[in-house]
2 protein chains.
Amino acid sequence: MILPATPTAGGDASVPSQSPPAQSPGDDLIELLFFAYRDFVGDPDRILAQYGFGRAHHRVLHFVDRYPGLTIAELLDILRITKQSLNRVLKDLIEQDYIVQKTGTSDRRQRLLFCTARGTALAGDLIRVQTHRVTRALAEPAGAASEGGSSEGGAVSAQNFLLAMIEPEERATVRRLMARRARSAV
Amino acid sequence: MILPATPTAGGDASVPSQSPPAQSPGDDLIELLFFAYRDFVGDPDRILAQYGFGRAHHRVLHFVDRYPGLTIAELLDILRITKQSLNRVLKDLIEQDYIVQKTGTSDRRQRLLFCTARGTALAGDLIRVQTHRVTRALAEPAGAASEGGSSEGGAVSAQNFLLAMIEPEERATVRRLMARRARSAV
DNA sequence: CGGTTTATGTCAGTGTTATTGACATATTTC
DNA sequence: GAAATATGTCAATAACACTGACATAAACCG
């Protein structure tokens with residue numbers, strides 16, 4: 001099966017769909033997750049750029065820092081990328097002395113990964129800005145964000161958390177956008 | 001300022017750092033956000049691949065579907081990408097009749113974006129799989145994931161939510177990984 | 001011991017998503 | 001009419017990912 005199968009109503013008309021999309025309780029969370037993640041990775045990105053590294057380097061550095069002795073296979077399973085993709089960034093990090101490899105003791109085929117002091121320092125800087133954002137989000141007074149949200153179970157706190165993860169100056173914009181949808185969906 | 005400035009302790013030794021990284025209350029959330037987002041975008045990716053579209057197409061389609069009449073400028077502000085990047089994917093979506101442009105009425109420089117029936121259908125399929133994951137995560141019995149987590153404020157539910165967002169079969173692996181850190185940090 | 005599997009590394013080619021910088025057009029605003 | 005705004009487009013580049021194929025070393029197993 002390669003193409004559509006058009007599950008819903010594969011319209012072919014080049015006509016603007018008039019019906020507004022159906023609403024579902026988790027819909028806000030979907031968008032909030034996008035915005036939260038966008039800003040969440042934005043902080044480290046700025047630091048990484050100063051080192052000539054990217055997001056891929058960050059992920060490798062982070063997990064090796066948090067879980068010293070990680071093997072290549074474990075890392076591949078965590079990141080869900082191919083060996084070739086991993087090797088490209090891992091090579092950078094090893095050549096520039098952020099990470100070292102040590103041959104496994106019980107299984108000498110394995111390469112156990114460790115951060116050097118330099119690697120730990122950078123990983124620390126990166127996790128610091130992210131921890132700051134998360135900690136602030138957790139400390140935010142509940143409801144400082146959602147206002148008139150429908151309270152159902154854990155939905156509210158998950159929603160609050162994600163909204164609080166968004167860059168403060170951007171929250172108004174996001175809230176305004178999402179309000180726009182709520183209005184038109186009446 | 002282009003290079004390091006080595007804020008913490010720019011080690012130069014190619015020696016594995018022995019000290020395990022310091023712990024912080026939000027650290028688990030940082031990793032959970034990574035895993036949750038990884039699986040969250042994995043669902044739509046599989047569908048999009050059948051249409052020859054990527055994640056960028058998804059984001060454009062989603063926001064145009066949810067907010068009919070969005071302008072280019074608004075979309076650029078939401079997605080935080082450049083005009084050129086947007087145009088590439090937008091062109092695909094327009095050429096294949098998923099989105100149409102209409103000249104703005106009040107300001108005729110603007111191009112208002114709308115989904116066609118076909119666009120709405122695909123957007124619906126995509127949001128459906130994501131809503132399913134979110135809804136399931138919200139319905140999950142609180143604590144079905146965290147087990148012995150430190151309860152402090154909204155931390156627990158945010159943590160539960162993110163863990164519940166992870167693909168069920170992968171949760172054990174994630175939990176095992178994170179337990180590994182908890183152990184070594186004693 | 002010898003064959004198979006596992007863990008890792010690497011070469012070559014490709015595709016998607018993003019970037020920068022420069023420039024063009026239409027329209028609105030002052 | 002000049003300046004600012006909204007959008008479109010050309011060209012070059014980079015980051016990050018993929019596939020497929022192949023190579024090496026070590027472990028495992030009969």
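Just so we're on the same page: letters track the sequence lines, and every chain starts at 1. Only heavy atoms go into these numbers, but all of them, side chains included; no hydrogens, no water, no symmetry mates.
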- Task: Please work out if B:Gln101 contacts a base, only the sugar-phosphate, or nothing of the nucleic acid, heavy-atom cut-off 4.0 Å.
- Result: sugar-phosphate

- So, the side chain of A:Thr71 versus the backbone of A:Leu112: is there a donor-acceptor pair under 3.5 Å, distance only? no

- Under 4.0 Å between a side-chain N/O of B:Arg88 and OP1 or OP2 of C:dT17, yes or no? yes

- Can you tell me the distance, in whole Å, between the CG atom of A:Leu48 and the P atom of D:dA14? 19 Å

- Can you figure out which of C:dT28, C:dT10, D:dG8 approaches the side chain of A:Asn87 most closely? C:dT10

- Task: Go through C:dA7, C:dT8, C:dT17 for me and flag the one nearest to the A:Lys83 side chain.
- Result: C:dT8

- Query: Is there a donor-acceptor contact under 3.5 Å from the side chain of A:Asp39 to the main chain of A:Glu167?
  - Reply: yes

- Residue pair B:Arg181 / B:Asp27, side-chain heavy-atom distance below 4.5 Å: yes

- Item | B:Ile99 CD1 - D:dT7 C1' separation (whole Å) | 16 Å

- Message: How many whole angstroms separate atom NE2 of A:His58 from atom P of D:dA17?
- Response: 13 Å

- Note on the structure: Terminal axes of the helix from C:dC1-D:dG30 to C:dC30-D:dG1 (5 end pairs apiece), angle rounded to 10 degrees, sit apart by 30°

- Spacing between A:Arg80 atom CZ and D:dT19 atom P, to the nearest angstrom: 14 Å

- Query: Among C:dT19, D:dT7, D:dC16, which is the nearest nucleotide to the side chain of B:Gln110?
  - Reply: D:dT7

- Item | Whole-Å distance separating the CG atom of B:Leu113 from the C1' atom of D:dG8 | 13 Å

- Measure the distance from CZ on B:Arg46 to P on D:dC18 and round it to the nearest whole Å. 14 Å

- Message: Among D:dG8, C:dT27, C:dA18, which nucleotide has an atom closest to any side-chain atom of B:Ile72?
- Response: D:dG8

- Message: If I compare all heavy atoms of A:Arg133 with all of A:Phe40, which pair ends up nearest, and what's the gap?
- Response: CD-CA, 4.1 Å

- Note on the structure: Which of C:dT19, D:dC18, C:dG9 is nearest the side chain of A:Ile81? It is D:dC18

- Have a look at A:Tyr37 and tell me which of B:Phe34, B:Tyr37, B:Phe35 forms a ring-ring contact (aromatic ring centres under 6.0 Å, His included) with it. B:Tyr37

- For D:dA17, does either OP1 or OP2 sit under 4.0 Å from a side-chain N or O belonging to A:Thr82? no

- Message: Does any part of the side chain of B:His132, heavy atoms only, come nearer than 4.5 Å to the side chain of B:Arg128, both counted from C-beta?
- Response: no

- Query: Taking atom C1' of C:dA7 as reference, at what distance in whole Å does atom CG of A:Leu86 sit?
  - Reply: 13 Å

- Item | Contact under 4.0 Å: B:Arg59 side-chain N or O vs C:dA18 OP1/OP2 | yes

- Is there a donor and acceptor pair closer than 3.5 Å between the side chain of A:Gln84 and the base of C:dG13? no

- Message: Does C:dT19 have OP1 or OP2 under 4.0 Å away from a side-chain N or O of B:Ser85?
- Response: yes

- Query: Rounded to the nearest Å, what distance is computed from the CG atom of residue A:Asp77 to the P atom of nucleotide C:dA7?
  - Reply: 12 Å

- Is a side-chain donor or acceptor of B:Thr131 paired with a backbone partner of B:Ile127 at a separation under 3.5 angstrom? yes

- Rounded to the nearest 0.5 Å, how far apart are CG of B:Leu126 and NE2 of B:His57? 12.0 Å

- If only side-chain N and O atoms of A:His57 are considered, is one of them under 4.0 Å from the OP1 or OP2 phosphate oxygen of D:dA15? no

- Query: OP1, OP2 of D:dT5 versus side-chain N and O of B:Arg109: anything below 4.0 Å?
  - Reply: no

